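Below: the structure, in structure tokens.
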There are 2 protein chains.
Amino acid sequence: MNIIAEQRRAKPRKGRKYDQVLDGAREVFLLSGFEGASVDDIARAAGVSKATLYSYFPDKRVMFTEMAERECSRQASAALQVIDMTAPPALVLRQTAGRLIRIMLSDFSQRIFRVCVAESDRFPELGQAFYDSGPALGRARIADYLRQAKARGEVAIEDFELAADQFAELCKADLWTRAVFGIQNRFSDEEIDRVIDGAVTTFLARYGLRD
Amino acid sequence: MNIIAEQRRAKPRKGRKYDQVLDGAREVFLLSGFEGASVDDIARAAGVSKATLYSYFPDKRVMFTEMAERECSRQASAALQVIDMTAPPALVLRQTAGRLIRIMLSDFSQRIFRVCVAESDRFPELGQAFYDSGPALGRARIADYLRQAKARGEVAIEDFELAADQFAELCKADLWTRAVFGIQNRFSDEEIDRVIDGAVTTFLARYGLRD
DNA sequence: TCCACTTTAAACCGATTGGTTCAGTTTCGA
DNA sequence: TCGAAACTGAACCAATCGGTTTAAAGTGGA
């Protein structure tokens, strides 16, 4: 009974091809942007007729926003990897830097970033959604850890939000810029390790305890 | 004679309204992106007939690239503000951070960044052009200063390029992200000073000499 | 098996697009 | 002042766009 009710509530969202359509929309929108994507292309990519597509969505705009919001919340839950709140900073920071960089440089993140940035004045809510589900969420998580680390006397920080932002920025150092402009999209472990080492060392030079 | 010859060489680029057209193109392209901009809009914004416009440019694409390249080199020469190579790091870094942040947050930089990012796979050369005239140029200049500062024994740095990138990233800390997503576009002096202080302090904690 | 519902392909719509053409006006150097 | 070159405005083109319609073909639960 619960199960049945749940299923009924889970996809009363009209027909069965709803997700299928959104998948096609994601493919085309992330590849070509909002204006660049044609509805016919989306229908083709989704393996669905245009009529079906328009039975789910009133127009192209809400199709786009719905897809973007889904991808943002996906991104959020993908970044939901837990930080070991009890481990020492040197270890946690290194681990977090690696994850952060891998996410930042991923094809998916790059594409959704581009679309959000490009379309953020045509769709004002979009920039906010991406910011909340990406940078803001990451910062909150890192700041949380830093607070606990300070409580244990492992770091000396006053402005936790700033510190968290600084760490995230340090992780980008050139890698992200090169990727986002399409200058480079494959990075060796050495290149990445160089940035991770630099980020962790610099961060701890400022906030770590003198030994 | 020299003058005449120079003028003839300076704008043999067909008619007199060349720059006028590029100005209009910039206005519309930076506002609406490549696909979003219509050639009629550009002609209207430039105060020029569509026929004239197409006498200068074979099509919309080269119009876009030509405009983008001009704006990139403009950006480069705008950032050409000199660093006082002899001043102490604490002062130079603070000054540079202020300039960097002001440039990064300017409406113009934001717009051209958005366009370059959005269009960087439709126009592969574009990402490179922006990167060269912006981030790469800034890094080179900062790295140059850091090298001289090290020669004077004022800093302890091994990887100058990484250090320069780190400094630039530290200056972004949240401000830039919020701006680029349209979440905030006006920043108080206090908000900016907080980031500048943080960037300089963190950078010098790592690379400054222990006193 | 039947029936209500969903999906389909394709034709179709008006609007807009990038781009062309052309007859007429403006501009400007010599 | 004259004439070539630059510029104009508007009409025009084929193509594509977002979106609608329709008649027929699946689909699945009772």
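Throughout, protein chains are lettered first and strands after them, A, B, ... in sequence-line order, and every chain is numbered starting at 1. No hydrogens, no waters, no symmetry mates; every other heavy atom, side chains included, goes into these values. What you are looking at is a predicted structure, and each value in this text was computed from that prediction instead of being measured.
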Treat primed atoms plus P, OP1 and OP2 as sugar-phosphate and everything else as base, then score nucleotides 20-29 of chain C 5' to 3': B for base contact with protein heavy atoms under 4.0 Å, S for sugar-phosphate contact only, - for none.
BBB----S--

Below 3.5 Å, can you tabulate the donor-acceptor pairs from side chains in residues 24-39 of chain A to any protein atom, sequence neighbours excluded?
from   : atom 1 : to      : atom 2 : distance (Å)
E35(A) : OE2    : R122(A) : NH1    : 2.8
S38(A) : OG     : D41(A)  : N      : 3.0
S38(A) : OG     : D41(A)  : OD2    : 3.3

Rounded to whole Å, the NZ-C1' distance (K60(B) to dA15(D)) equals 14 Å

So, using side-chain contact (heavy atoms from CB on, under 4.5 Å) as the criterion, who are the partners of T52(A) when residues are at least two apart?
V48(A), S49(A), S55(A), Y56(A)

Could I get the full list of ring-ring contact (aromatic ring centres under 6.0 Å, His included) partners for Y145(B), not counting sequence neighbours?
none

When you get a sec, tell me which of dA6(D), dG9(D), dT7(C) is the closest nucleotide to the side chain of Y56(A)?
dT7(C)

Does K150(B) have any salt bridge (charged side-chain N to carboxylate O under 4.0 Å, His left out) partners at least two apart in sequence or in another chain, and if so, which?
E158(B)

For dC7(D), take OP1 and OP2 only and decide whether either is under 4.0 Å from a side-chain N or O of T52(B).
no

Does any residue of residues 33-48 of chain A have a heavy atom under 4.0 Å from DNA chain C, and if so, which ones, in number order?
G47(A), V48(A)

Using the C1' atoms of five pairs at each end, what's the angle between the two axes of the helix from dT1(C)-dA30(D) to dA30(C)-dT1(D), to 10 degrees?
30°

In whole angstrom, what separates F29(A)'s CZ from dC17(D)'s P?
13 Å

With a 4.5 Å cut-off on side-chain heavy atoms, are Q110(B) and M104(B) touching?
no

Under the salt bridge (charged side-chain N to carboxylate O under 4.0 Å, His left out) test, which residues partner D84(A), sequence neighbours left out?
none

For F181(B), enumerate each residue passing the ring-ring contact (aromatic ring centres under 6.0 Å, His included) test, keeping only those at least two apart in sequence or located in another chain.
F113(A), F130(A)

Please list, chain by chain and in numerical order, all residues satisfying salt bridge (charged side-chain N to carboxylate O under 4.0 Å, His left out) with D189(B), sequence neighbours excluded.
none

Sorted by chain and number, sequence neighbours left out, salt bridge (charged side-chain N to carboxylate O under 4.0 Å, His left out) with D159(B) holds for R194(A)

Give every donor-acceptor pair under 3.5 Å between a side-chain atom in residues 90-97 of chain A and any protein atom, sequence neighbours left out.
from   : atom 1 : to      : atom 2 : distance (Å)
R94(A) : NH1    : D197(A) : OD1    : 2.9
R94(A) : NH2    : D197(A) : OD1    : 2.7
T96(A) : OG1    : V92(A)  : O      : 2.8

